[in-house]
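Below is one structure, written out as structure tokens; comments come after it.
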Number of protein chains: 2
Amino acid sequence: MTTSETRTAPIVGRATIHDVALAAGVSVSTVSKVVNGRYGVSAKTSARVLGVVSELGYETSLIASSLRRGRTNVVGVLVAEFEPFALALLQGISEALQDSGYDLLAYAGSLSGTDDARHEGWERRSLSRLGGTLIDGAVIVTPTVDSATASVPVVAIDPHTGASGPAAIDVDSLDGALQATRHLIELGHRRIGHVRGRTDLESARLREEGYRRALGEAGIVVDPALVRDGGYRAAEATDAAGSLLDLEDRPTAIFAANDLSAIRTIEVAAGRGLRVPHDLSVVGFDDIPGAASHEPPLTTIRQPLHEMGATAVRLLLRKLDDEDDAPAEHVRLPASLVVRGSTARRG
Amino acid sequence: MTTSETRTAPIVGRATIHDVALAAGVSVSTVSKVVNGRYGVSAKTSARVLGVVSELGYETSLIASSLRRGRTNVVGVLVAEFEPFALALLQGISEALQDSGYDLLAYAGSLSGTDDARHEGWERRSLSRLGGTLIDGAVIVTPTVDSATASVPVVAIDPHTGASGPAAIDVDSLDGALQATRHLIELGHRRIGHVRGRTDLESARLREEGYRRALGEAGIVVDPALVRDGGYRAAEATDAAGSLLDLEDRPTAIFAANDLSAIRTIEVAAGRGLRVPHDLSVVGFDDIPGAASHEPPLTTIRQPLHEMGATAVRLLLRKLDDEDDAPAEHVRLPASLVVRGSTARRG
DNA sequence: TTGAAAGCGCTAACAG
DNA sequence: CTGTTAGCGCTTTCAA
């Protein structure tokens, strides 16, 4: 049996290089050369092949060529989940990548596995699965673990630890949290709760630290009952906010570690008949799209998400160009308080 | 020369199945069996292999296994660009895909090529490049061309033509445009401009149609000078808005075919010293995140973007499950007017 | 100028 | 229970 019998039947799925070769009456390698614009193919053959290519709508498979070549000209953005924070970054990354010659591929690895280990190390898995060949480089959003060994150049946004991988971008969480909490204090609040972020993340640690430090400055002792875990996610923040608001001596203000938690906190408050900001002031963190249009508009700490994405791309492109890896760079961007409608002077 | 010489040197990039096999002292196929949980491997061997796997941090390459198997358990979202509209859809899609067992991969094919043909048929290219093996199915956002032949199940959102591909989701653009224009008319406007969308898209055609029809209802003759091409993109909308506002007898209100154009129109107006809504009313279309937080908050026609994404996933999963393709379904969701701050009674 | 053959990393028959 | 072999679609030497 020969390798391939004559195939006259119409091509079912996508056309492969084989189909083109067959139809053009040339070898597979010739088609490859034509498609990739290599030298050494006669004009006549080339034209014929090109004709068949467009007739069949042939497009070289990213997968197959990727496996064979080293490169793909695709950079990947690896996220745990497509939530607003990641999406805003993605937009910035996408814009910054225009005209760079790279395509963009965003991947959310499944959070499958045991529930406890859902998050743990997702970025290593994704990176390993895609990094072999599919992507030339990657931007990892909020990695949870030090990915010391990466098969491709990587830059991390909002990494687990300060100076983990080769390159990282984040925002000054400590300062942001200071601003948020001071704002609340200036409004006359003394009993201020904190819905903490994901405790395995450096950013969450720093935001709590800022919260504590600001209270300290003002001579307010931190009540441990006023700090709860929200995990940066709406679902988990529900409990945190609830227990805070059910307290005998409940806080008059809450600093939530991110906007998702803050918004959920407001919803929980509403469910208990508490009006924001009249009965409760809430400040978030991130300034995701949607924070401003929330009702009430969310007072929050703004992260320059687009800029962070753009910076990540800049760093990544540099790594991709230079063979030698530049010194591990860590860019920390400033956070800024945006006062809107969810905070008010203590009633 | 044997197939592989003993490799003692530390593994540089990612570990391959070969490295694992070597280190565990078994064959490649045994490793494959262990990793994929196939029967027929002794507990002892299995344990040893697993040990090496975790030690080396081995993760099967999506690319390679994809090429070999038919499936990947990944669905793709193909977009021309990561702009707000697509990102909002992406979020909906992502949520709907939770716990479905599928990973999500969003891909923006490069808009390279001659400028005129930048957009033309990008989805066919992307689909062809990825569809061979990388993704099991795809959601295509705003395809420009009928992709009759797809290698994998596909559902389109906001397709070029009404009932093009096998399945499609869109919003009732005609009705939305009617609502938008009527709203302006009710506010006392008679001279109403239209910044048209991408004329190659059905949605743009319908929005213009709705605009014209509403004017007709009100007995207003359409002034051809009042309709300009904005191409759904901010950059192109600049000229459209500019020429409208530079008119001798300029419009007192403008219906822009999408929010990006509307926002740009407002900016252009501001550049000419016109205040919105005092001197000019503007209504957009889409209600992207950011529309509400714009200054002034944008009056617009809301598309249920999350719901559209979720519906797309539902349709796609059904196709993926059933071998036989269900009847080409076309879901049309309602659009609704959201009145905010960019429109006002004619001064 | 063209084609045969090897091989990227992996899985699946099939032998042993 | 384990290993050998073929091959997914493609690119790339190397011969012819």
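The figures that follow rest on heavy atoms only: side chains count, while hydrogens, waters and symmetry mates do not. Residue numbers begin at 1 in each chain, while the letters A, B, ... track the order of the sequences.
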Contact between A:Leu78 and A:Leu130 at the side-chain level, heavy atoms closer than 4.5 Å - yes or no? yes

Kindly indicate whether the side chain of A:Asp158, heavy atoms from C-beta on, has any atom under 4.5 Å from the side chain of A:Val141. no

Applying side-chain contact (heavy atoms from CB on, under 4.5 Å), name anything that partners [X], two or more places apart in sequence or on another chain.
X	answer
B:Ala88	B:Pro289, B:Leu305
B:Ala96	B:Ala310, B:Val313
A:Arg314	A:Thr311, A:Arg318

Selection: residues 42-51 of chain B, any non-hydrogen atom under 4.0 Å of DNA chain D: B:Ser42, B:Thr45

Can you give me every donor-acceptor pair (side chain of residues 50-62 of chain A, partner residue at least two apart or in another chain, under 3.5 Å) with its distance?
{"residue": "A:Ser54", "atom": "OG", "partner": "A:Gly51", "partner atom": "O", "Å": "3.2"}
{"residue": "A:Ser61", "atom": "OG", "partner": "A:Ile63", "partner atom": "N", "Å": "3.3"}
{"residue": "A:Ser61", "atom": "OG", "partner": "A:Ala64", "partner atom": "N", "Å": "3.1"}

Counting only side-chain N and O atoms of A:Thr30, is one of them less than 4.0 Å from OP1 or OP2 of C:dT2? no

A:Ser65 side chain N/O closer than 4.0 Å to the phosphate oxygens (OP1, OP2) of D:dC10? no

Side-chain donor/acceptor pairs under 3.5 Å, residues 30-39 of chain A, sequence neighbours excluded:
{"residue": "A:Thr30", "atom": "OG1", "partner": "A:Ser27", "partner atom": "OG", "Å": "3.1"}
{"residue": "A:Ser32", "atom": "OG", "partner": "A:Asn36", "partner atom": "ND2", "Å": "3.4"}
{"residue": "A:Asn36", "atom": "OD1", "partner": "A:Arg69", "partner atom": "NH2", "Å": "3.2"}
{"residue": "A:Asn36", "atom": "ND2", "partner": "A:Ser32", "partner atom": "O", "Å": "2.8"}

Expressed as a whole number of angstroms, how long is the span from [X]:[atom1] to [N]:[atom2]?
X	N	atom1	atom2	result
B:Leu22	C:dC10	CG	P	13 Å
A:Arg71	D:dT12	CZ	C1'	17 Å
B:Arg14	C:dC8	CZ	C1'	11 Å
B:Arg129	D:dC10	CZ	C1'	12 Å
A:Asp19	D:dC8	CG	C1'	13 Å
B:His18	C:dT11	NE2	C1'	15 Å
A:Leu134	D:dC8	CG	P	20 Å
B:Ile17	D:dT2	CD1	P	15 Å

Assuming nearest nucleotide by heavy-atom distance, tell me which of B:Ser27 and A:Val35 is located more 5' along DNA chain D. B:Ser27

Walking DNA chain D from its 5' end, the first of B:Thr133 and B:Gly25 to be reached, judged by nearest nucleotide, is B:Gly25

Would you find a donor on one side and an acceptor on the other, under 3.5 Å apart, between the side chain of A:Ser46 and the backbone of A:Ala43? no

Salt bridge (Lys or Arg N to Asp or Glu O under 4.0 Å) partners of residues 87-98 of chain A, not counting sequence neighbours, each pair once: none

Output one line per pair: protein atom, nucleotide atom from nucleotides 12-16 of chain C, and distance, for all N/O pairs under 3.5 Å.
{"residue": "C:dA12", "atom": "OP2", "partner": "B:Arg38", "partner atom": "NE", "Å": "3.4"}
{"residue": "C:dA12", "atom": "OP2", "partner": "B:Arg38", "partner atom": "NH2", "Å": "2.9"}

Side chain to side chain donor-acceptor pair (under 3.5 Å) with B:Thr45: which residues, sequence neighbours excluded? B:Ser42

Checking B:Arg71 now: which residues fulfil salt bridge (charged side-chain N to carboxylate O under 4.0 Å, His left out) with it, not counting sequence neighbours? B:Asp136

Indicate, with a heavy-atom threshold strictly under 4.0 Å, whether A:Thr60 touches base, sugar-phosphate, or nothing. sugar-phosphate

Base, sugar-phosphate, or nothing: which does B:Tyr58 touch, judged by heavy atoms less than 4.0 Å apart? sugar-phosphate

Electrostatic pair A:Glu83-A:Arg233, nearest N-O below 4.0 angstrom: no

Looking at five pairs on each end of the helix from C:dT1-D:dA16 to C:dG16-D:dC1, what is the angle between the two axes, given to 10 degrees? 50°

Between D:dC10, C:dG9, D:dT4, spot the one nearest the side chain of A:Ala64, thanks. D:dC10

